[in-house]
A.B. asks: 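Let me give you the structure first, and then I'll get to my questions.
Proteins get letters first, then strands, A, B, ... in listed order; numbering begins at 1 in each. Everything numeric in this text was worked out from a predicted model, so none of it was measured. What you see below is based on every heavy atom in this structure, not just the backbone, and it leaves out hydrogens, waters and symmetry mates.
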Number of protein chains: 2
Amino acid sequence: MQDVEFTVERGTLYMLQTRTGKRSGAAAVRIAVEMVDEGLIGETEALQRVPPEAIEQLMHPMVDPKAHVTVLAKGLPASPGAAAGQIVFEAMEAKEWAADGKAVILVRPETSPEDIQGMAAAKGILTSRGGMTSHAAVVARGMGKCCVAGAHDVLADPEKGTMTVEGRTLKRGDWITLDGTTGRVLDGQVKLVPPSMSGFFERFMQWADKHRRLGVRSNADTPLDAKRAREFGAQGIGLCRTEHMFFDAERIAWVRKMILAEDVEGRRAALSHLLPMQRSDFEGILEAMDGLPVTIRLLDPPLHEFLPHEPEQIAALAKDMGVSAEHLAETVESLREQNPMLGHRGCRLGISHPEITEMQAQAIFEAAVALARKGKHPIPEVMVPLVADVKELKNQADLVRRTAAAVFGKAKVTVPYLVGTMIELPRAALTADEIAEVAEFFSYGTNDLTQTTFGLSRDDAGKFLPLYVEQGLFPHDPFQVLDQRGVGKLVRLGIELGRGKRPDLHVGICGEHGGEPSSVGFCHSVGMDYVSCSPFRVPIARLAAAQAALRETGVEDRTAATV
Amino acid sequence: MQDVEFTVERGTLYMLQTRTGKRSGAAAVRIAVEMVDEGLIGETEALQRVPPEAIEQLMHPMVDPKAHVTVLAKGLPASPGAAAGQIVFEAMEAKEWAADGKAVILVRPETSPEDIQGMAAAKGILTSRGGMTSHAAVVARGMGKCCVAGAHDVLADPEKGTMTVEGRTLKRGDWITLDGTTGRVLDGQVKLVPPSMSGFFERFMQWADKHRRLGVRSNADTPLDAKRAREFGAQGIGLCRTEHMFFDAERIAWVRKMILAEDVEGRRAALSHLLPMQRSDFEGILEAMDGLPVTIRLLDPPLHEFLPHEPEQIAALAKDMGVSAEHLAETVESLREQNPMLGHRGCRLGISHPEITEMQAQAIFEAAVALARKGKHPIPEVMVPLVADVKELKNQADLVRRTAAAVFGKAKVTVPYLVGTMIELPRAALTADEIAEVAEFFSYGTNDLTQTTFGLSRDDAGKFLPLYVEQGLFPHDPFQVLDQRGVGKLVRLGIELGRGKRPDLHVGICGEHGGEPSSVGFCHSVGMDYVSCSPFRVPIARLAAAQAALRETGVEDRTAATV
């Protein structure tokens with residue numbers, strides 16, 4: 001589509017200038033489809049005329065471009081879309097107000113796993129700290145909820161119930177509007193435009209699916225997410241994080257009892273209460289994805305993430321649990337780590353506490369058996385996290401397979417399944433040939449792989465990474481756009497080594513990069529089987545995968561010229 | 001040397017059995033040398049008959065094998081040798097008692113950089129927490145002081161001035177003896193055997209030097225260490241950690257003023273007080289190593305390591321510094337990191353605070369100029385830490401070179417120097433070809449490279465690494481013995497890429513592995529130019545390097561058979 005300036009002077013038509021017209025995502029898709037219908041361009045050309053990022057706009061409410069707005073502050077565009085609501089400062093408050101039918105925006109310095117339910121209840125999330133891959137940003141994107149993160153000028157004071165922005169003070173209940181696509185915090189209740197996944201969009205995405213080679217899966221931790229992901233075209237789940245199921249109020253009590261148990265028997269007793277809950281989660285997810293693969297990651301985070309750290313919270317929890325505050329404080333202290341990212345987590349937990357792996361495997365296979373009995377086709381893929389050496393994987397894989405055999409033997413039903421591993425440590429990529437002797441699939445965890453390859457903590461990089469990007473030391477934030485020269489080299493090496501040993505090795509990616517267009521292109525080029533991303537990014541990944549395939553087959557990429 | 005059992009029965013001599021005789025390190029060296037003198041074996045055979053670890057025993061006092069001992073507890077053999085002394089629980093106390101001429105053993109839960117002076121004053125160090133590469137262990141080995149670390153049964157209570165071991169309570173001032181070679185904590189004052197670096201040892205080490213190809217340098221942070229390292233045969237300094245110079249009481253005050261300064265001018269003012277102190281350190285070290293290269297690493301640790309973290313300490317320091325406790329607490333909080341190992345440190349500091357790099361470079365080059373004027377031959381090699389991308393190195397290298405030019409221009413004296421980098425992140429090894437375009441040398445920091453390649457924090461691994469080694473998941477603690485299959489692959493790749501771009505690239509190692517025999521063998525096999533280790537490990541590295549060279553030239557390795 002072109003903007004054309006012309007003038008008619010003394011009967012003569014003068015064409016003054018012409019340029020590619022700016023258009024919304026919806027318009028870009030519609031124009032491309034209509035041009036195909038009019039015979040002006042072909043499908044493959046149409047696919048290359050829409051930048052994948054534009055698709056994002058079709059899937060979320062947006063700020064009405066005609067609305068008059070007052071910008072209160074700017075933060076990072078952490079999760080796209082827009083939302084208007086009344087401000088609250090605590091997750092619990094967000095839940096209560098939402099239950100009363102109010103639209104709320106949750107404002108926090110930063111969020112943590114305990115805030116999940118408040119985040120789910122809110123229309124949008126605003127944080128003053130944290131980057132594009134902070135907890136708030138990642139969770140909001142997964143929920144398809146708009147989020148502005150790291151808005152440093154916003155000073156929230158939960159105790160007073162106020163938030164100050166450049167001298168202006170807003171109180172609990174005041175209205176603001178978040179624009180997560182641009183990172184703006186707007187004053188008052190601004191008019192929004194609803195999302196529009198039109199018939200044009202559906203036809204366009206069908207073309208994309210016809211031309212792509214890469215599979216597109218979704219990351220999803222609940223049956224609801226799984227359903228939504230399937231609606232967006234996901235061909236399976238590439239990452240189901242089981243720990244997200246543990247933060248529910250009833251469940252976390254048992255998780256904590258398990259952590260505080262003095263011995264294996266005590267841990268087993270607590271785990272036996274978690275088993276039916278996990279089983280029902282898995283049943284729901286496997287059912288929502290019936291006939292499609294679901295990659296379930298065993299428990300990954302360090303145990304101290306499930307315990308409070310402040311003295312008052314520890315005292316309150318100790319009272320609830322009927323243990324001494326001193327004992328609880330000692331446990332918290334003994335689990336404290338200097339560098340938790342490099343600590344006692346992932347398969348290291350499953351190796352030192354095999355009863356956790358056993359319970360999770362039992363829940364997975366019992367869920368699969370229950371579905372198979374109902375005539376469903378569950379396809380669980382059990383994924384062992386944070387493997388550095390094949391012996392760690394073998395230890396856990398043996399345990400998973402023994403558990404599967406026991407469940408199937410008892411039920412007299414067998415369900416096909418795979419056991420594989422995350423490749424998220426440099427050493428796993430470097431020794432991928434050895435690991436592929438045991439792993440039936442690889443899933444690249446490029447968030448962690450980026451952290452370790454760069455020696456860069458996602459949680460701490462906010463202090464200097466913006467300066468690095470500004471000064472051109474790094475071309476992008478490597479947590480957003482996959483670093484092909486460094487991290488990508490390990491990814492490529494790992495695939496070559498792995499397939500050298502096991503030619504039919506199934507390989508995917510489940511880091512945040514799985515929904516970023518240039519990274520999807522890279523995944524195509526190194527021969528991955530699929531990418532997995534948050535549900536709302538699935539259509540973007542589908543288009544990016546199609547464009548990568550078209551680039552490869554030599555169809556000229558005109559995207560850049562038409563944006 | 002053989003133990004032979006025989007008997008004479010009815011006039012007949014019966015040889016019953018024979019086996020290789022156990023012998024001390026001193027005896028092993030003496031036997032090997034005397035057998036050469038007697039023409040029984042050659043030099044190269046002699047070199048292979050002494051295991052490098054045996055050399056360690058020659059350099060430290062040892063517990064008299066004839067003494068009767070009572071073992072109070074067992075810990076890790078963190079730094080070899082033995083020491084008897086009266087127990088104290090605070091670094092300050094150790095310093096005061098030692099000044100009164102007392103022999104003291106410093107007992108701590110764990111040590112931190114503020115304890116350095118107390119550690120230097122003590123005869124030995126005992127900690128109840130931490131592994132073979134904890135602060136106490138690394139510093140003690142550097143000082144050549146005996147240390148037992150991670151003796152979990154020792155419960156020190158500094159406030160009461162007592163330490164409890166399995167029900168027994170010892171008071172401040174009671175005598176114990178540490179055996180750092182075996183990890184034993186012994187009751188009372190046990191008799192020791194003094195070290196014995198005899199004439200046999202000297203001749204033996206000369207043979208080793210004749211046959212090795214690898215250079216052996218030492219890690220040293222003070223002129224005293226540098227002198228000692230040279231006496232032990234070090235051919236230069238491979239790692240001088242400048243931050244260790246900052247913990248002196250007078251200096252740390254200026255470091256803290258620098259950190260708390262509001263702006264660049266404030267930081268420059270504080271740094272100007274540190275400049276003459278750093279210059280005099282560098283002058284001392286370069287002079288001790290006159291004519292030999294000295295690799296000086298720019299500031300590496302995150303700034304919060306220079307600040308206290310407990311509320312009482314913060315309040316006390318705020319009073320001392322004449323700032324509000326609130327302001328100081330806020331600064332401490334703002335510098336707090338989730339994963340400091342992956343945080344704002346190394347060249348990231350030098351990039352965000354170029355004035356620190358500038359001051360350090362100025363101190364180095366002014367020291368070199370002062371020595372050159374006295375007719376000395378200083379050879380400084382400036383090393384940029386924690387580089388992930390060549391652009392970071394270029395940023396810092398340009399600053400160093402500009403500073404050198406300014407200092408030389410003003411002094412009208414020029415000193416040859418190099419600028420290079422640590423290779424301690426996987427990404428640096430993976431992009432070593434790009435990095436070699438700027439770096440004149442590589443020094444492998446295999447401590448950090450092991451941490452990031454495995455995704456394993458040295459500080460936290462103590463909770464599960466012993467289990468891993470016990471269960472055979474890992475053959476060794478990878479912080480002690482270089483992991484050749486994973487980390488080694490990156491080392492090899494980095495050397496190939498680097499030398500492909502710059503054939504004369506000088507390559508060494510400065511991690512703890514530089515003094516571990518099998519790792520020294522690996523460094524030889526990948527074509528490094530030198531290894532660098534703590535002063536007391538220099539003779540071990542010299543012998544290990546000779547053995548590696550002999551193995552390569554096909555002389556059969558009989559070491560294993562004769563130990």
Side-chain angles (χ1 to χ4, degrees), chain A residues 302 334-346 348-349 351-352 386-392 394-395 424-431 434 448-465 467-468 471-475 478 483 485-490 493, chain B residues 302 334-346 348-349 351-352 386-392 394-395 424-431 434 448-465 467-468 471-475 478 483 485-490 493:
Chain A
S334 75
L335 290 174
R336 189 179 57 90
E337 294 183 305
Q338 298 279 327
N339 297 285
M341 191 54 70
L342 309 177
H344 193 178
R345 50 173 285 238
R348 298 164 190 170
L349 267 182
I351 288 168
S352 64
L386 213 72
V387 162
D389 189 279
V390 64
K391 286 192 183 159
E392 296 172 287
K394 184 145 186 350
N395 173 300
E424 54 185 334
L425 295 175
R427 197 176 187 283
L430 291 163
T431 61
E434 299 176 13
D448 273 26
L449 192 60
T450 299
Q451 292 198 97
T452 43
T453 304
F454 277 89
L456 190 62
S457 158
R458 270 207 287 179
D459 301 314
D460 303 309
K463 277 173 201 146
F464 54 91
L465 202 49
L467 176 81
Y468 265 48
Q471 293 195 356
L473 293 169
F474 286 179
D483 160 51
R485 274 167 42 228
V487 178
K489 211 165 184 174
L490 277 180
L493 177 72
Chain B
S334 75
L335 291 174
R336 189 177 58 90
E337 293 182 305
Q338 298 281 327
N339 296 286
M341 191 54 70
L342 310 176
H344 193 178
R345 51 173 285 239
R348 298 164 190 172
L349 267 181
I351 287 168
S352 63
L386 213 73
V387 162
D389 189 279
V390 64
K391 285 190 183 160
E392 296 172 286
K394 185 146 188 346
N395 173 302
E424 53 186 334
L425 296 175
R427 198 178 187 283
L430 291 163
T431 62
E434 300 176 11
D448 273 26
L449 192 60
T450 299
Q451 292 199 97
T452 44
T453 303
F454 276 88
L456 190 63
S457 158
R458 269 205 288 178
D459 300 316
D460 303 309
K463 277 174 202 146
F464 54 92
L465 203 50
L467 177 79
Y468 265 48
Q471 294 196 354
L473 293 169
F474 286 181
D483 160 51
R485 273 166 42 227
V487 178
K489 210 164 185 176
L490 277 179
L493 177 72

A.B. asks: To check you understand the geometry: which heavy-atom pair defines the closest contact between B/Phe454 and A/Arg427, and what is its length?
C.D. replies: CZ-NE, 3.2 Å
A.B. asks: Given A/Glu392 and B/Tyr468, is the side-chain contact (heavy atoms from CB on, under 4.5 Å) satisfied, shown in steps?
C.D. replies: CA-CA 9 Å; A/Glu392 296 172 287; B/Tyr468 265 48; 2.6 Å; yes
A.B. asks: Which atom pair, heavy atoms only, marks the closest approach of B/Glu337 to A/Lys463?
C.D. replies: CG-NZ, 3.9 Å
A.B. asks: Of the non-hydrogen atoms in A/Arg485 and B/Thr431, which two are nearest, and what is the gap between them?
C.D. replies: O-CG2, 4.0 Å
A.B. asks: So how far is it from B/Leu456 CG to A/Leu386 CG, rounded to the nearest 0.5 Å?
C.D. replies: 9.0 Å
A.B. asks: How close do B/Thr453 and A/Leu425 get, heavy atom to heavy atom, and via which atoms?
C.D. replies: O-CB, 4.0 Å
A.B. asks: For a quick test of reading the model, state the closest non-hydrogen atom pair linking A/Leu430 to B/Gly486 and the distance between them.
C.D. replies: CD1-O, 3.5 Å
A.B. asks: Tell me, side chain or backbone of B/Leu335 under 4.5 Å from chain A's heavy atoms, or both, or neither?
C.D. replies: backbone
A.B. asks: For chain B, find which of A/Thr452, A/Asn395, A/Asp459, A/Val487 contributes the most heavy-atom pairs closer than 4.5 angstrom.
C.D. replies: A/Thr452
A.B. asks: B/Lys394 side chain to A/Leu473 main-chain N or O, any donor-acceptor pair under 3.5 Å?
C.D. replies: no
A.B. asks: Only pairs of heavy atoms separated by less than 4.5 Å count here; which of B/Lys391, B/Glu424, B/Arg348, B/His344 has the most with chain A?
C.D. replies: B/Arg348
A.B. asks: Name the member of A/Pro340, A/Gly472, A/Ala388 that forms the most heavy-atom pairs with chain B at distances under 4.5 Å.
C.D. replies: A/Pro340
A.B. asks: Donor-acceptor pair, A/Asn339 side chain versus B/Met341 backbone, under 3.5 Å?
C.D. replies: yes
A.B. asks: Based on non-hydrogen pairs under 4.5 Å, which of B/Asp448, B/Val387, B/Leu490, B/Asp483 is most in contact with chain A?
C.D. replies: B/Asp483
A.B. asks: Which atoms form the tightest heavy-atom contact between B/Asp460 and A/Gln338, and what is the distance?
C.D. replies: OD1-N, 2.8 Å
A.B. asks: As an exercise: rank B/Gln451, B/Gln471, B/Arg345, B/Glu434 by heavy-atom pairs under 4.5 Å with chain A and give me the winner.
C.D. replies: B/Glu434
